[in-house]
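Here, residue 1 is the first one in the sequence, and each next residue gets the next number. Atoms within each ligand, like the ligands themselves, are counted from 1 in listed order.
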Amino acid sequence: MDGNKLAELIFPNIRGTIAQLEERFPKRELPEGAYVTRFAPSPTGYMHIGGLYAAMISSRLARQTNGVFYLRIEDTDKKRELEGGVQEIIQSLAGYGVEFDEGPFAGGEKAYGPYKQSDRKEIYQICVKELMRAGHAYPCFCTADSLDKIRREQEEKKDDIGYYGAYACCRNLSYEQIEEKVNAGIPYVIRLKAPQAEGKHVVYTDPIRGSIEMPENKMDIVLLKSDGIPTYHFAHVVDDYFMRTNLVVRGDEWMASYPVHKQMFDLCGFQAPDYLHISPIMKMDGTAKRKLSKRKDPEAAVSYYLEQGFPADSVKEYLLTVANSDYEEWHIANPEKSGEDFQLSISKMPVSGALFDMAKLLNVSREMIASFSISECEKQILAWAGIYEPDLYEFAMSHSKQFQETIGLWKMSGKKVRKDVAKWNELMQMFDYLYQPQDKFEQKVTYELDDKYTKEQLKEAVCAYKKDLFLETGEWFEQMKLLGEPMGYCPNMKEYKKHPEDYKGSISDLCSIIRVAVTGHKNSPDLYTIMKVLGEEVVRKRLDQFLSWL
Ligand code: GLU
């Protein structure tokens, strides 16, 4: 069939040529060895931690070679698209230090755009028209029903499933047959006319896994859907070629598609990029490894780490250790350097599923938080609380001095920096008594005390303490001893341990009762300091409330 004639029938209004596209998107002038990489998400509003991992790897490889890293929005599936999805992607990645040189955002629209696939329709059509001219593409009018029939037949015959060879019934339609259907308004997709290469193989060279031999593609895959929008496969070929990507970093679920992608690059006359197929992030489920799943694992979503208040640096650092297991060693050997100075090595990346170990991330994060100054903690807690913990945010804004003191109180226990917090929501669970409004202050305080003390005893202790809180004297503990002794609380621990039966309890018991009444926790940093932070009025309210719950 005359390919030119068919191409004119199908694309009468497409005048551009591949040669013009070559001129419009010239090869990038970059230093030798520079990588042009990209992050190519679909704007579904959900960012998987694996997406962040891939974006981080791509951006680092471009940065460390003085290359280019760009964002391309793969919005060819309009049904799944979410309003504001692009902004969200850009913002959440920026929080982790992943920034784009080019992309569909103010200041990012450079020479290789548009960067949204939905704005590139004509570019795809120009390329398909040329493929059609050369006899490598054709319209297919098969309905969902007829495709289903083909599939059933293949299943019965235990043949490969797909549209190919003798099963591809639209492959050999005559020009007249096609013209008739087009004129009758029958919808069609455009398919690749795959060269029939039974028995041939392609060799894919993977930088991590070495050479892999795969059968050549024989499927007449869809290039353009009936609405003229390309499939992922075809858009990948056209976009990565004309955006001049030279290293495609993507999940290894795409590795099996290499033969069809390579075939399309060749048929279009485009040079194919190099690929780095990265292994997915896995988790241990019992004794088996499985992929982190959007449905089953909350920690699969990047938003989880934001909500929980993991500092971005902890997640970044942890993902680096997943990508290159020697990162930690490097960090210890170069304590003065920042993670940004680390050179990511492609050959050291994990070959099969990279295991995501939450316990390890928590450890990394504890160390990270311990290394932050008080003012860094304050800044980060505020940024987190502003979105996820409004009560705390309000407290911090209206009591900034107390808020700072509190952080200091937690950070240092004696001379040692504490390492008990891995994410800000943990810190805030420990400090809820500082900022929870009175009405939200839970009755849990009474549960904390178990049955160790009788109600009468609690009432007696709190009522006695309420008379004078001793907050102004500077000798709080001494005063507590004096207060406790007549009630039967031994002021001397050694003495108490020798003869516990002679006492109602020890000074430590008395302080415990007051601590739980005021904070709701059995453990807290120095109670006197906390009460000073809370202020007399709040302490009194808490004591009264405690009495009312008894
Ligand atoms: N939009 C594709 C995806 O979400 C991108 C794959 C690629 O990076 O080429 O899986």
Side-chain angles (χ1 to χ4, degrees), residues 35-62 67-82 85-86 88-90 92-93 98 100-104 112 114-121 123-124 204 206-208 217 221-225 229-265 268 270 272-281 291-295 300-302 323 346 349 353-354:
Y35 284 129
V36 179
T37 59
R38 82 301 193 269
F39 182 50
S42 308
T44 55
Y46 179 89
M47 172 89 83
H48 194 282
I49 186 80
L52 170 60
Y53 179 62
M56 198 186 82
I57 291 172
S58 310
S59 78
R60 277 186 169 257
L61 292 175
V68 174
F69 174 57
Y70 69 87
L71 172 66
R72 180 173 71 231
I73 295 298
E74 309 223 314
D75 56 349
T76 51
D77 190 352
K78 282 284 174 196
K79 272 175 273 153
R80 284 166 54 215
E81 195 174 334
L82 217 84
V86 177
E88 222 176 282
I89 290 168
I90 293 172
S92 61
L93 287 174
V98 176
F100 299 98
D101 300 311
E102 300 170 13
Y112 294 88
Y115 294 90
K116 260 188 177 186
Q117 288 183 333
S118 55
D119 296 334
R120 298 173 64 81
K121 232 167 139 175
I123 299 175
Y124 305 119
Y204 162 64
D206 183 279
I208 310 176
N217 172 59
I221 59 145
V222 174
L223 303 174
L224 295 183
K225 296 179 256 184
I229 301 279
T231 53
Y232 164 73
H233 302 296
F234 189 61
H236 153 53
V237 170
V238 172
D239 291 344
D240 281 314
Y241 180 69
F242 283 116
M243 292 180 165
R244 307 298 179 180
T245 313
N246 60 12
L247 181 69
V248 168
V249 178
R250 62 183 182 184
D252 66 3
E253 71 272 22
W254 293 114
M255 203 157 73
S257 304
Y258 175 78
V260 64
H261 295 167
K262 179 71 171 74
Q263 188 176 63
M264 284 191 283
F265 275 106
C268 290
F270 300 162
D274 287 336
Y275 289 89
L276 170 59
H277 286 109
I278 52 177
S279 45
I281 298 209
K291 272 194 201 180
L292 265 186
S293 129
K294 176 174 169 178
R295 207 166 36 84
V302 171
I346 293 181
M349 287 185 189

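The only member of Leu71, Val249, Asp240, Leu247 that meets side chain to side chain contact (heavy atoms under 4.5 Å, CB included) when paired with Arg38 is Asp240.
With no hydrogens or angles considered, no side-chain donor-acceptor pair links Tyr232 and Glu74 at under 3.5 Å. In this structure, a donor-acceptor pair under 3.5 Å is absent between the side chains of His277 and Tyr258.
Close N/O approach between Glu74 and ligand 1 is found [any backbone or side-chain N/O within under 3.5 Å]. For ligand 1, one of its N or O atoms has an N or O atom of Ala40 under 3.5 Å away.
Atoms OG1 and OH, from Thr245 and Tyr112 in turn, are 10.5 Å apart once rounded to the nearest 0.5 Å. Taking CG of Leu276 as the reference point, atom CD1 of Ile57 lies at 7.0 Å (rounded to 0.5 Å).
Of the heavy atoms in Arg38, only side-chain atoms (C-beta onward) come closer than 4.0 Å to ligand 1. Only the side chain of Tyr232 comes within contact range of ligand 1, with a heavy atom under 4.0 Å; no backbone atom does.
For atom 10 (O) of ligand 1, the closest non-hydrogen atom on the protein side is Trp254 NE1, 3.5 Å.
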